[in-house]
Structures are given as structure tokens and as C-alpha cells.
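Below is one structure, written out as C-alpha cells; the observations come after it.
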Amino acid sequence: MEKIIYNKSVYALLVRGNEQYKSKGVNFVTKNKDLLQLGFISHKKNHLIKPHIHKKNKRVINYCTEVLLIKEGALKVQFYNEKGIDIKKDKRLYKNDILILFKGGHGFEVTKDCKIIEIKQGPYTKKSDKVLLDS
């Protein structure tokens, strides 16, 4: 697992495909305070997970956190600070890699035909949730 850090803040978390499901049971790689939680669950056949309901709780969401799951191909990611300045922490993503984008900006260059699953918090409004950067 690799943290993309700039000025002591975690901008993103990268979990490579070969780093997933290393332990049995429920294992989260994010911290409880993170805006989004990512865990890997590995159980044997016939294991039971007790039925449950998640309680309604008021949460303050101050950033649109995104998750990218690379299903096929390769992608180069550039990271930017809140002022739109490249922080020079580029990463290349490959099949089965997972990237959580916690803060700042980002840009992508598809380096091999890609299939990507993107998950982000909603509701999402393009006009108020996104600012395009000059590249």
C-alpha cells in the first residue's frame, strides 16, 4: 500500500493488485477518520456474516472522494494540490490496482486501453463539484 503525501496530507492511497487479500477475515486499509473506507474481506465457505443494518448518522463530507478500480489496461495519474499545481507524484496504475483519491486534483493519461470502475460520493453536481485545471 502506498500513500501519496504532499505537505503532510494524504492525497491518495494506492493498493496494488498483489497487495490485496493478504490476511483472512476483515481487513481495512483506510483509517476510521477517512472520508471513504476500503477493506478486503476473505472468508472460507460456510462462514456467516451476521445480518445487520447500518444506522443513519449525520456526516460532514467536505470533498468528493473517488475510487478507481482498474479492471484492464494501464493508466498514468498526475496529482495536483488544491491550487492546481502539479505535486510531481505521478503513478502508473495497472490491472487490479485500486486508487482512492482523498484530496487535491488529478489528471489521467490512458497508456494502454482501459476499463475502469469509478466510485464516488454523491449526490454529484458537475457545475459545483468540479473545476477543470489548465494543463
Side-chain angles (χ1 to χ4, degrees):
M1 183 175 73
E2 185 177 349
K3 294 178 183 176
I4 289 74
I5 298 173
Y6 178 75
N7 283 346
K8 298 181 182 179
S9 290
V10 178
Y11 274 58
L13 180 66
L14 173 57
V15 184
R16 299 285 184 192
N18 63 356
E19 298 173 326
Q20 302 166 18
Y21 303 101
K22 289 287 192 179
S23 303
K24 295 189 186 304
V26 179
N27 299 283
F28 278 83
V29 295
T30 50
K31 296 180 181 176
N32 287 342
K33 68 178 179 70
D34 289 336
L35 292 176
L36 204 60
Q37 307 300 303
L38 174 64
F40 296 96
I41 301 171
S42 177
H43 294 304
K44 297 280 187 191
K45 182 180 176 181
N46 296 324
H47 178 87
L48 295 177
I49 298 172
K50 291 182 181 181
H52 59 282
I53 295 172
H54 293 269
K55 294 193 224 175
K56 185 176 181 178
N57 281 312
K58 187 174 184 174
R59 289 176 171 84
V60 176
I61 307 290
N62 56 17
Y63 185 78
C64 183
T65 304
E66 297 177 59
V67 178
L68 299 180
L69 300 121
I70 310 304
K71 301 307 289 177
E72 289 181 17
L75 186 71
K76 178 183 172 188
V77 184
Q78 301 94 16
F79 299 95
Y80 300 85
N81 69 13
E82 288 80 359
K83 295 179 181 177
I85 297 169
D86 188 339
I87 64 171
K88 308 293 185 198
K89 304 265 183 171
D90 296 2
K91 295 291 172 192
R92 294 194 181 271
L93 306 183
Y94 304 97
K95 184 178 180 176
N96 294 325
D97 288 350
I98 300 172
L99 180 69
I100 303 177
L101 298 160
F102 286 119
K103 68 184 301 185
H106 43 270
F108 307 105
E109 178 186 341
V110 176
T111 57
K112 184 178 177 186
D113 291 357
C114 268
K115 289 189 180 175
I116 303 167
I117 296 172
E118 179 179 354
I119 302 165
K120 63 182 163 192
Q121 293 163 326
Y124 181 79
T125 52
K126 199 177 219 181
K127 287 182 180 178
S128 62
D129 283 333
K130 185 184 237 180
V131 175
L132 294 178
L133 302 175
D134 293 330
S135 52

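Ala74 approaches Cys114 most closely through the heavy-atom pair O-SG, 3.1 Å. The minimum heavy-atom distance between Leu133 and Gly84, with the atom names listed, is CD2-CA, 3.8 Å. The two residues Lys89 and Ile5 have their closest heavy-atom pair at NZ-O, 2.9 Å. The two atoms that bring Leu38 and Thr30 nearest to each other are N-OG1, 3.0 Å, heavy atoms only. Glu19 approaches Met1 most closely through the heavy-atom pair OE2-N, 2.7 Å. Taking each heavy atom of Ser23 and Ser42 in turn, the nearest pair found is O-CB, 3.8 Å.
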Take Ile49 and His47, measure what side chain to side chain contact (heavy atoms under 4.5 Å, CB included) needs, and give me the verdict at the end.
CA-CA 7 Å; Ile49 298 172; His47 178 87; 3.9 Å; yes

Start with the C-alpha gap between Arg16 and Leu14, add the side-chain angles, then the distance that decides, and say whether side chain to side chain contact (heavy atoms under 4.5 Å, CB included) holds.
CA-CA 6 Å; Arg16 299 285 184 192; Leu14 173 57; 3.4 Å; yes

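The backbone N or O of Ser9 sits nowhere less than 3.5 Å from a side-chain atom of Asn7 that would complete a donor-acceptor pair. Glu66 contributes no side-chain N or O that, together with a main-chain N or O of Leu101, makes up a donor-acceptor pair within less than 3.5 Å. Here the side chain of His43 pairs no donor or acceptor atom with the backbone of Ile41 at under 3.5 angstrom. Here the side chain of Gln121 pairs a donor or acceptor atom with the backbone of Thr65 at under 3.5 angstrom. A distance-only check finds a donor-acceptor pair linking the side chain of Asp97 to the backbone of Gly17 [under 3.5 Å]. The closest donor-acceptor contact from the side chain of Gln20 to the backbone of Asn96 lies under 3.5 Å. Between the side chain of Asp86 and the backbone N or O of Lys88, at least one donor-acceptor pair lies under 3.5 Å.
Annotation: the span from Ile4 atom CD1 to Lys103 atom NZ amounts to 13.5 Å, rounded to 0.5 Å. In this structure, the separation between CD on Gln78 and CD on Glu109 is 6.5 Å, given to the nearest 0.5 Å.
In the hydrophobic cluster analysis, where Ile, Leu, Val, Met, Phe, Trp and Tyr join through side-chain heavy atoms closer than 4.5 angstrom, Ile70 is grouped together with Leu99. There is a path of hydrophobic side-chain contacts, each under 4.5 Å, that joins Phe79 to Ile116. In terms of hydrophobic clustering, with Ile, Leu, Val, Met, Phe, Trp and Tyr side chains grouped at heavy-atom distances under 4.5 Å, Phe102 and Ile98 are assigned to a common cluster. Clustering ILVMFWY residues whenever any of their side-chain heavy atoms sit less than 4.5 angstrom apart, transitively, puts Tyr80 in a cluster other than the one holding Ile100. Leu13 and Tyr21 end up in the same hydrophobic cluster when Ile, Leu, Val, Met, Phe, Trp and Tyr side chains are linked at under 4.5 Å.
More than 12 heavy atoms of other residues, nucleotides or ligands shown are found within 6.0 angstrom of NZ on Lys120. Crowding of Asn18 atom CG: a count of heavy atoms from other residues, nucleotides or ligands under 6.0 Å exceeding 12.
Side-chain contact between Asn32 and Gln37 is present, with at least one heavy-atom pair separated by less than 4.5 Å. Counting heavy atoms from C-beta outward, Lys31 and Lys33 have side chains that approach closer than 4.5 Å. Looking at heavy atoms from C-beta onward, Ile85 lies out of side-chain contact with Tyr6 at the 4.5 angstrom threshold. A heavy-atom distance below 4.5 Å is found between the side chains of Leu69 and Ile119. Under the 4.5 Å side-chain criterion, counting only non-hydrogen atoms from C-beta, Lys22 is not in contact with Asn27.
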